[in-house]
Amino acid sequence: MKYFTKELYEETQIASFLSFPETEKDWDENVAWHRSEGLDFEEMNRSSLEYSKKDLLKFLPEFFHPYIQEGTLNTQFPSEELRKMAEQWRSGLDQRMSLIGKECRGHYLSIKGSLPDNAVQLYEKSLHDARVLSLEMPSDGIFVMTLDCRGSMHYGTDIKVTFVGVKNLQPLDLSVGSDWISDEVYAAEGGFELHVLFENPLKEFTIAADNVIIEILS
């Protein structure tokens, strides 16, 4: 992945820790609602913080580190200083994501004319949030992926994606049940190369092939 990498995805996932209620009243009402449902709001947030602590310390500037180490980043209503820094960080991330998106789109448009028509369809009909149902290599140079697209933007049913003339496939241990998050396509001699970011588990996947066949299963 050149644009939407595994590391960038991990960074975007911590942005939720820096989204705060507008007012202290909103914060208190949120705490009260959780309490009414028999939930410990502070303990839930503390556990979530601990789970993501490694990435929070990795991606957030040092200003945030005391709040992370103390466990107060998401268990107390934020100070005005913390809120302002959070807004600045989120704004910077949004700007970077926008720029990366434009660069990726520009790259795609520059190579679109050299891609097989079916590779264009594969890329343009986004498979974001499609789930892997099965994986197989029935013969040399053939890789078949069946996807549940009911939660994705296109197709709305199961589809079979058959890559023909496969020249590269990495890694070989892609998991059934993984979710298709994002993809990038590149021109390659005699065909194309597709890079996909999967989640559950988070993994970067690459396949180079001569062509691809997309079949809608009903």
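FYI, side chains are in, hydrogens and waters are out, and symmetry mates aren't considered; it's all heavy atoms of this structure. We number each residue from 1, following the sequence as shown.
Looking at Phe205 and Met145, their side chains come closer than 4.5 Å, going by heavy atoms from C-beta outward. In this structure, the side chains of Phe20 and Asp26 stay at 4.5 Å or more apart for every pair of heavy atoms. A heavy-atom distance below 4.5 Å is not found between the side chains of Ile213 and Lys160. Looking at Phe77 and Arg83, their side chains come closer than 4.5 Å, going by heavy atoms from C-beta outward. By the 4.5 Å heavy-atom criterion applied to side chains, Leu194 and Thr206 are not counted as neighbours. Looking at heavy atoms from C-beta onward, Lys53 lies in side-chain contact with Ile68 at the 4.5 angstrom threshold. Between Val144 and Val161, the closest side-chain pair of non-hydrogen atoms is not below 4.5 Å. The shortest distance between side-chain heavy atoms of Arg131 and Phe198 does not fall below 4.5 Å.
Gln76 and Tyr67 form no side-chain donor-acceptor contact under 3.5 Å, judged by distance and modelled atom types alone. For the residue pair Tyr108 and Glu124, a side-chain donor N or O sits within less than 3.5 Å of a side-chain acceptor on the partner.
Annotation: Phe41 is in aromatic contact with Trp27 [ring centroid separation under 6.0 Å].
The main-chain N or O of Gly177 is never found under 3.5 Å from a side-chain atom of Ser175 such that the two would form a donor-acceptor pair. Put simply, the side chain of Thr157 gets close to the backbone of Leu217: a donor and an acceptor are under 3.5 Å apart. Between the side chain of Ser48 and the backbone N or O of Met44 there is no donor-acceptor pair closer than 3.5 Å. In this structure a side-chain-to-backbone donor-acceptor pair under 3.5 Å is missing from Thr72 to Thr75.
Here CD of Glu204 is found 12.5 Å from CG of Leu174. Values are rounded to the nearest 0.5 Å. Taken from CZ in Phe59 to CD in Gln13, the straight-line distance is 10.5 Å, to the nearest 0.5 Å. Between Leu56 atom CG and Ile14 atom CD1 the span is 5.0 Å, to the nearest 0.5 Å. Distance CD/Gln88 to CG/Leu18: 11.5 Å, rounded to 0.5 Å. Separating the CD1 atom in Ile100 from the CD atom in Gln95 is a distance of 12.0 Å, to the nearest 0.5 Å. Here Asp55 contributes atom CG and Glu11 contributes atom CD; the two are 9.5 Å apart, rounded to the nearest 0.5 Å.
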Please test Glu10 against Leu202 for side-chain contact (heavy atoms from CB on, under 4.5 Å), starting from the C-alpha separation and ending with a verdict.
-> CA-CA 9 Å; Glu10 290 172 334; Leu202 191 61; 3.6 Å; yes
Audit row: Arg90, Glu87, salt bridge (charged side-chain N to carboxylate O under 4.0 Å, His left out) steps and yes/no | CA-CA 5 Å; Arg90 291 203 330 267; Glu87 289 174 353; 5.7 Å; no
List the steps, then state whether salt bridge (charged side-chain N to carboxylate O under 4.0 Å, His left out) holds for Glu80 with Lys84.
-> CA-CA 6 Å; Glu80 191 59 35; Lys84 183 177 294 186; 5.9 Å; no
Decide yes or no on salt bridge (charged side-chain N to carboxylate O under 4.0 Å, His left out) for Asp40 and Arg46, but give the supporting numbers first.
-> CA-CA 10 Å; Asp40 188 330; Arg46 185 178 289 109; over 6 Å; no
Chi angles and distances behind the side-chain contact (heavy atoms from CB on, under 4.5 Å) call for Leu93, Arg96 = CA-CA 5 Å; Leu93 178 63; Arg96 277 198 293 130; 3.5 Å; yes
Start with the C-alpha gap between Phe4 and Met97, add the side-chain angles, then the distance that decides, and say whether side-chain contact (heavy atoms from CB on, under 4.5 Å) holds.
-> CA-CA 9 Å; Phe4 297 102; Met97 291 298 293; 4.0 Å; yes
Can you check side-chain contact (heavy atoms from CB on, under 4.5 Å) on Trp180 and Val196, steps first, answer last?
-> CA-CA 7 Å; Trp180 186 303; Val196 184; 3.6 Å; yes
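In the hydrophobic clustering of ILVMFWY residues, with side-chain heavy atoms under 4.5 Å counting as a link, Met153 and Tyr155 come out apart. Grouping the Ile, Leu, Val, Met, Phe, Trp and Tyr side chains by contacts below 4.5 angstrom, directly or via other members, places Leu135 with Ile214. When hydrophobic clusters are built by joining Ile, Leu, Val, Met, Phe, Trp and Tyr residues whose side-chain heavy atoms come closer than 4.5 Å, directly or via intermediates, Leu172 is not grouped with Met1. Residues Leu197 and Ile207 do not share a hydrophobic cluster, clusters being chains of Ile/Leu/Val/Met/Phe/Trp/Tyr side chains in contact below 4.5 Å. Put simply, Ile111 and Val120 are part of the same group of oily side chains (I, L, V, M, F, W, Y) that touch within less than 4.5 Å, one to the next.
Pairing each heavy atom of Leu73 with each of Phe64, the nearest pair is CD1-CD2, 4.3 Å. When every heavy atom of Ala187 is checked against every heavy atom of Ser114, the shortest pair comes out as CB-OG, 3.6 Å. Listed here is the closest heavy atom pair of Lys2 and Glu184: N-OE1, 2.9 Å. What you find for Leu147 and Ala130 is that their closest heavy atoms are CB-CB, 4.3 Å. Annotation for Ala119 and Val212: closest pair N-CG1, 3.7 Å, computed over non-hydrogen atoms. Closest approach of Leu127 to Cys149, counting heavy atoms only: CD2-SG, 3.8 Å.
Ring pair His107/Tyr3 is tilted by interplanar angle, where 30° to 60° counts as tilted. Between His195 and Tyr186, the ring planes are tilted. Angles from 30° to 60° get that label.
Ion pair Lys58/Glu7 flagged as a salt bridge, since at least one NZ, NE, NH1 or NH2 atom sits closer than 4.0 Å to an Asp/Glu carboxylate oxygen.
Considering Asp129, Leu133, Val132 as possible partners of Asp148, the one that fulfils the side-chain contact (heavy atoms from CB on, under 4.5 Å) test is Leu133.
More than 12 heavy-atom neighbours from other residues, nucleotides or ligands sit within 6.0 angstrom of CD on Glu37.
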List the atom pairs, donor and acceptor, that lie under 3.5 Å between side-chain atoms in residues 163-171 and the rest of the protein, sequence neighbours left out.
residue : atom : partner : partner atom : Å
Lys167  : NZ   : Asp210  : OD1          : 2.0
Lys167  : NZ   : Asp210  : OD2          : 3.4

